[in-house]
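Nothing fancy with the numbering, it's 1 onward along the sequence. Predicted, not measured: the structure shown is a model, and the values here were computed from it.
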Amino acid sequence: MSAKVHSTLPSALYSAESVRQLDQYLIQDQGIPAAVLMKRAGRFAFEQLLRQWPEAKRLVVLCGGGNNGGDGYIVAALAQAKNFEVTLRWLSDPVQLTGAAAQAFQFAQQEGVTMSAFDSREQLAADVIVDGLLGTGLNAEVRDEMATAIAWINAQPAQVLALDLPSGICADTGAVMGQAVSANVTATFVGLKFGLLTGAGRANAGAVFFSDLQGDFSECEPVVKARRLNYESLIAALPARGLDTHKNSFGHLAVVGGDEGMAGAALIAAQAGLRAGAGMVSLISRPLTAQVALGRQPELMALGVDAGIEAQEKLQQATAFVVGPGLGQGAWGEQLLAQVLACAQPTCIDADGLNLLAKQASYGLPESCVMTPHPAEAARLLGVSTAQVQADRAAAALALVTKTNAVVVLKGAGSLVAFASSQGPQLYVVDAGNPGMASAGMGDLLAGIIGALLAQGLPAPQAAMLGAQVHAMAGDEMAEADGQRGLLATDLLPAVRWLLNGL
């Protein structure tokens, strides 16, 4: 399912352990009983159910044995009180429950909720299924009856509301732990879990809604794992243009790539550079690519070269680079990459530029450098598998920062921006974008946007964050207008321009 994140989510994203600390702070320091917090969580979840599916009348609630199951019992009780047709099935004998979860079970009993043990062979009609199976404590692959229950949920035609996070999703990484519920809506509580916004977690969560359960966390500061990028603050940091400026005020971006048969990638990056505000954009490519580019985009300056040495003079004129789109991995591309890096100017490295780097023992990157790998490219640079990267995207992005000292944009659902700072490693999540952007050329477009921002003088972290956020938001703008299927990279160019002008 495509993911859509609610706009009022908080900035800070937490690990499961940090959320437990927040929860304990509410109970121990603020004196809020666990049962009260559970009722608040269940009521918030039920409110989302009513808001999202106002016509729903038949509810099936699946409950596990912990607090997540307790939330499910609360939702079932509230729905029963509202005259829903409620059927509850448990996977852990509720008689064995303790604490707040036991009180929630008793509440459901008092409201007359029909409940019994889960049986995957049973046919249960529902408008909405509530997933209260597993919470944030999952640390191993889902197995046995729990895996069967998750598969049963995913096989039903009903809509799915997940409590706190979809069962089977790791709160810390967003990875699927063997099998995971695919939800339409997730109601999450206390602290926003990092795993909801990246990788498979983003896809499985559906629309995410958050409640702090009326807690005051002003004096509680657990470790923040990452933060959501904020367009308003990022665009505010892009300097306004003075009345007396000229094209040289906004930099000269050189896009290096476009080997034979790969002209489109370099041209898309160059067009993005123009639309994202670089004062001048040069394309350094094969001669035929240069001819094609000038026919498509006359504002470009294009230089066709058959050997890297022929590009030296033009490269010296640039103040920022994008290298890699359509570069190829042959001798021609190797020569051009080496010359770009030798210029030591702000540089965005993408695509074959990254693949060539992965073959080298050392990199010699510019001080101001952004890398934009997709998971397979990140895996090559780290010497691991793509599956390992996707299993812990945050760890992979931060490992790349450590290895290269570059700013890293790890692309994918919930793209990550990671970089080093004087305050330690920083990690941000792009909470925009859609599956329509899974098409050729989108990465080239992103590289061109970031390159243009580097050319305009933004530091590498700010260029990467603003570029990644605008790229994803532009995809959402155009998908909303015309749909996701058939969305092309160049379709985003008008929206990129609007967003970078604060429109």
Requested in this report: Go through the steps for V389 and L410 under the test side chain to side chain contact (heavy atoms under 4.5 Å, CB included), then give the verdict.
Outcome: CA-CA 10 Å; V389 169; L410 179 58; 4.2 Å; yes

Query - Atom CD of E221: over 12 foreign heavy atoms under 6.0 Å - result: no

Query raised in the report: Does a side-chain heavy-atom distance below 4.5 Å link L382 with Q388?
Result: no

Report task. First locate atom CG of L381, then atom NZ of K403, and finally report the distance between them rounded to the nearest 0.5 Å. Result -> 6.5 Å

Report task. Verify, without hydrogens or angle tests, whether R393 (side chain) and T198 (backbone) share a donor-acceptor contact under 3.5 angstrom. Result -> no

Query raised in the report: NZ/K225 to NZ/K193 distance, rounded to the nearest 0.5 angstrom?
Result: 14.5 Å

Report task. Taking atom CD of E47 as the centre, report whether more than 12 heavy atoms of other residues, nucleotides or ligands fall under 6.0 Å from it. Result -> yes

Query raised in the report: Got a sec: does the NZ of K39 have more than 12 other heavy atoms crowding it under 6.0 Å?
Result: no

Query raised in the report: Between D131 and T186, is there a donor-acceptor pair closer than 3.5 Å when you use the side chain of the first and the backbone of the second?
Result: no

Query raised in the report: Closest heavy-atom contact between A81 and E111?
Result: CB-OE1, 3.8 Å

**Report entry** All side chain to side chain contact (heavy atoms under 4.5 Å, CB included) counterparts of L488, not counting sequence neighbours
**Finding:** T490, D491

Query raised in the report: Do L454 and T347 touch side chain to side chain, with heavy atoms closer than 4.5 Å?
Result: no

Query raised in the report: Considering residues at least two apart in sequence or located in another chain, which fulfil the ring pair (Phe, Tyr, Trp, His ring centres under 6.0 Å) criterion with F84?
Result: F46

Report summary line: By salt bridge (Lys or Arg N to Asp or Glu O under 4.0 Å), R20 pairs with (sequence neighbours left out) E17

Report task. Could you tell me whether the side chain of P239 reaches within less than 4.5 Å of the side chain of L458, counting heavy atoms only? Result -> yes

Requested in this report: Carefully, step by step, assess I74 and M38 under the rule side chain to side chain contact (heavy atoms under 4.5 Å, CB included).
Outcome: CA-CA 8 Å; I74 297 292; M38 188 169 287; 4.0 Å; yes

Requested in this report: Of all the heavy-atom pairs spanning N405 and A420, show the shortest one and how long it is.
Outcome: OD1-CB, 4.4 Å

Requested in this report: Please name all residues satisfying side chain to side chain contact (heavy atoms under 4.5 Å, CB included) with E219, sequence neighbours left out, ordered by chain then number.
Outcome: Y25

**Report entry** From CA spacing to verdict: side-chain hydrogen bond (donor to acceptor under 3.5 Å, both in side chains), Q52, Q48
**Finding:** CA-CA 6 Å; Q52 297 299 312; Q48 307 319 306; 5.2 Å; no

Query raised in the report: Can you find a pair of side-chain heavy atoms, one from L165 and one from T188, that are under 4.5 Å apart?
Result: no

Query - Polar side-chain atom of Q469 near backbone of Y231 as donor-acceptor pair, under 3.5 Å - result: no

Query raised in the report: Taking everything shown except K82 itself, do over 12 heavy atoms lie less than 6.0 Å from its NZ?
Result: no

Query raised in the report: Within a strict 4.5 Å, meaning less than it, do heavy atoms of the L192 and L197 side chains meet?
Result: yes

Query - With sequence neighbours excluded, residues passing side chain to side chain contact (heavy atoms under 4.5 Å, CB included) with V128 - result: L49, W53, A56, L59, Q159, L161

Query raised in the report: With no hydrogens and no angle check, is any side-chain donor or acceptor of S368 less than 3.5 Å from a backbone partner on P346?
Result: no

Query raised in the report: Looking only at atom types and distance, does a side-chain atom of H471 sit under 3.5 Å from a main-chain N or O of M442, one as donor and one as acceptor?
Result: yes

Query raised in the report: Quick one: does K57's side chain have a donor or acceptor within less than 3.5 Å of a partner on E55's backbone?
Result: no

Query - Close side-chain approach of L446 to D350, heavy-atom, < 4.5 Å - result: no

Query raised in the report: Which pairs count as ring pair (Phe, Tyr, Trp, His ring centres under 6.0 Å) when at least one residue sits in residues 484-503, sequence neighbours excluded?
Result: none

Query raised in the report: Got a second to check how far L445's CG is from L492's CG, nearest 0.5 Å?
Result: 6.0 Å

Return a table of donor-acceptor pairs under 3.5 angstrom between the side chains of residues 60-72 and protein atoms on other chains or two or more places apart.
residue: N68; atom: OD1; partner: L133; partner atom: N; Å: 3.2
residue: N68; atom: OD1; partner: L134; partner atom: N; Å: 3.3
residue: N68; atom: ND2; partner: L163; partner atom: O; Å: 2.8

Requested in this report: Could you name each residue pair satisfying ring pair (Phe, Tyr, Trp, His ring centres under 6.0 Å) that touches residues 138-182, not counting sequence neighbours?
Outcome: F118-W152

**Report entry** Partner set under side chain to side chain contact (heavy atoms under 4.5 Å, CB included) for A265, not counting sequence neighbours
**Finding:** P325, D444

Requested in this report: Apply ring pair (Phe, Tyr, Trp, His ring centres under 6.0 Å) to F44 and list each qualifying residue two or more places apart in sequence or on a separate chain.
Outcome: none

Requested in this report: Let me see the working for L500 and L466 under side chain to side chain contact (heavy atoms under 4.5 Å, CB included), right down to the final yes or no.
Outcome: CA-CA 9 Å; L500 286 173; L466 178 58; 4.0 Å; yes

Query raised in the report: For the residue pair K411 and G443, what are the closest heavy atoms and their distance?
Result: NZ-CA, 3.7 Å

Report task. Test S182 against N204 for side-chain hydrogen bond (donor to acceptor under 3.5 Å, both in side chains), laying out the working first. Result -> CA-CA 4 Å; S182 184; N204 285 53; 4.8 Å; no

Query raised in the report: For the atom pair CD (E232) and CG (L234), what is the distance rounded to the nearest 0.5 Å?
Result: 9.0 Å

Requested in this report: Check for a donor-acceptor pair, side chain of N501 on one end and backbone N or O of L503 on the other, with a separation under 3.5 Å.
Outcome: no

Requested in this report: Measure from the side-chain N and O atoms of D212 to the backbone N and O of V190, and report whether any donor-acceptor pair falls under 3.5 Å.
Outcome: no

Query raised in the report: Does E480 CD have over 12 foreign heavy atoms under 6.0 Å away?
Result: no

Report task. Return the minimal non-hydrogen interatomic distance between I27 and A34, and the atom names on each side. Result -> CD1-CB, 3.9 Å

Requested in this report: Looking only at non-hydrogen atoms, find the nearest pair between C348 and T372 and report the distance.
Outcome: SG-CG2, 3.9 Å

Report summary line: In terms of heavy-atom contacts, R40 and Q214 come closest through NH1-CB, 3.7 Å

Query raised in the report: So how far is it from R227 CZ to Q426 CD, rounded to the nearest 0.5 Å?
Result: 8.5 Å

**Report entry** Pairwise ring pair (Phe, Tyr, Trp, His ring centres under 6.0 Å) hits with a residue in residues 373-418, at least two apart
**Finding:** none

Query raised in the report: If you round to the nearest 0.5 Å, how far is CG of L91 from CG of D119?
Result: 10.5 Å

Query raised in the report: Does the S18 side chain pair with the main chain of V223, one donor and one acceptor, at a distance under 3.5 Å?
Result: yes

Requested in this report: Please say whether more than 12 non-hydrogen atoms of neighbouring residues, nucleotides or ligands are located less than 6.0 Å from CG in D29.
Outcome: yes

Query raised in the report: What residues form a ring pair (Phe, Tyr, Trp, His ring centres under 6.0 Å) with F189, not counting sequence neighbours?
Result: none

Query raised in the report: Do the side chain of Q96 and the main chain of D93 share a donor and acceptor less than 3.5 angstrom apart?
Result: no

Query raised in the report: How far apart are the C-alpha atoms of L487 and N434, what are their side-chain angles, what is the distance that settles it, and do they pass the side chain to side chain contact (heavy atoms under 4.5 Å, CB included) test?
Result: CA-CA 10 Å; L487 185 64; N434 63 82; 4.3 Å; yes

